[in-house]
Every structure is written in C-alpha cells, then in structure tokens.
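A short worksheet on the structure shown next.
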Amino acid sequence: MTTFAAGVPCFPPSVLGTRAFMEWLRSAACVGEDPDLFFPVGTSGPALRDIAAAKRVCSRCPVISQCLSWALSSRQLAGVWGGLCEEERAALLRIAGPSQNTCTARHKTTRRSNAR
C-alpha cells in the first residue's frame with residue numbers, strides 16, 4: 001500500500017485482488033441513496049444543496065477513505081466521492097503534483113507486469 005494525496009491510502013489491484021478491488025463499496029453509506037444526489041447538475045443554487053447533502057451522507061460513511069482513494073486514483077471528474085466535490089478533488093490532485101500522482105500509473109504497471 002502506498003499513500004496518495006493528503007494521507008489517503010492507495011491500494012493497487014495486485015494487493016487487493018481483482019474481485020476485492022471495490023468490495024468497500026458494499027459498506028458505503030451511499031448504498032440505497034439516490035445517485036442523483038451525488039451527481040448534481042451545475043455548481044450553484046440547488047446543486048450546492050445537493051453537494052452539501054451528499055457530503056453529509058459521506059460524513060457518516062465507514063469507507064470514506066477507500067472511496068476517496070478510488071476517486072483520486074481513477075480520476076473521477078464528476079460527483080461527490082469520499083466526501084469531496086469535483087473542485088476539492090481537483091485541488092488535491094494539483095497539490096499532490098505529478099510526482100505523487102502515480103497511483104494510476106502503478107495500477108497500469110502492475111497489470112502489465114502480472115500479464116507476462
């Protein structure tokens with residue numbers, strides 16, 4: 001395991017195994033919630049209320065760090081993931097910079113080396 005931005009763990013598939021890679025999702029607080037809440041349209045007005053509501057759900061989530069790690073490593077551009085909106089995740093990625101933003105590259109490298 002390595003650490004991504006802001007101390008968020010990054011678990012490459014080789015460590016977790018293919019089936020376990022997103023097993024954390026079953027325990028997420030958002031299971032059963034309306035997905036539209038986590039993918040608001042726009043960045044003002046009602047969308048801000050939806051973002052705040054989605055973050056409240058995330059705040060009680062037992063797998064928030066795994067969710068954020070997945071969102072950062074898979075570069076999710078839309079929605080609220082791991083308690084952060086699009087702009088907040090983009091800021092984390094900028095802060096991490098290219099030298100620390102290698103989680104996705106490690107995934108690709110691991111997959112290639114395991115395929116031999």
Could you walk me through whether E88 and K55 pass side chain to side chain contact (heavy atoms under 4.5 Å, CB included), step by step? CA-CA 12 Å; E88 292 165 328; K55 286 182 174 186; 2.8 Å; yes
Give the C-alpha distance, both sets of side-chain angles, the deciding distance and a yes or no for side chain to side chain contact (heavy atoms under 4.5 Å, CB included) between T43 and L48. CA-CA 6 Å; T43 57; L48 293 177; 5.6 Å; no
Take R89 and L77, measure what side chain to side chain contact (heavy atoms under 4.5 Å, CB included) needs, and give me the verdict at the end. CA-CA 8 Å; R89 287 193 314 280; L77 301 177; 5.9 Å; no
For side chain to side chain contact (heavy atoms under 4.5 Å, CB included), just list the numbers for I64 and L68, CA-CA rounded to whole Å, side-chain angles, deciding distance to a tenth of an Å, and then say yes or no. CA-CA 6 Å; I64 192 170; L68 181 56; 5.6 Å; no
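Of all the heavy atoms in C61 and A28, the pair that sits closest is SG-CA, 3.7 Å. When all heavy atoms are compared, the tightest approach of P62 to A29 is CD-N, 4.4 Å. Here the closest heavy-atom approach between residue C67 and residue G82 is recorded as SG-N, 3.1 Å.
Between I51 and F38 there is no side-chain heavy-atom pair separated by less than 4.5 Å.
Although no hydrogens or angles enter the test, the distance criterion places a donor-acceptor pair under 3.5 Å between the side chain of S59 and the main chain of R56. Looking at S73, its side chain does come within 3.5 Å of a backbone N or O of S69 through a donor-acceptor pair. E86 places no side-chain N or O within 3.5 Å of a backbone atom of A78 that could act as its donor or acceptor partner.
Within a 6.0 Å sphere centred on CZ of R60, heavy atoms belonging to other residues, nucleotides or ligands number more than 12.
Between atom CH2 of residue W81 and atom CG of residue L72 there is a gap of 11.5 Å, rounded to the nearest 0.5 Å.
One finds no salt bridge joining E87 and R94 here, because no Lys/Arg side-chain nitrogen approaches an Asp/Glu carboxylate oxygen to under 4.0 Å.
Looking at residues two or more places apart in sequence or on another chain, you find a side-chain hydrogen bond (donor to acceptor under 3.5 Å, both in side chains) between Q76 and S74.
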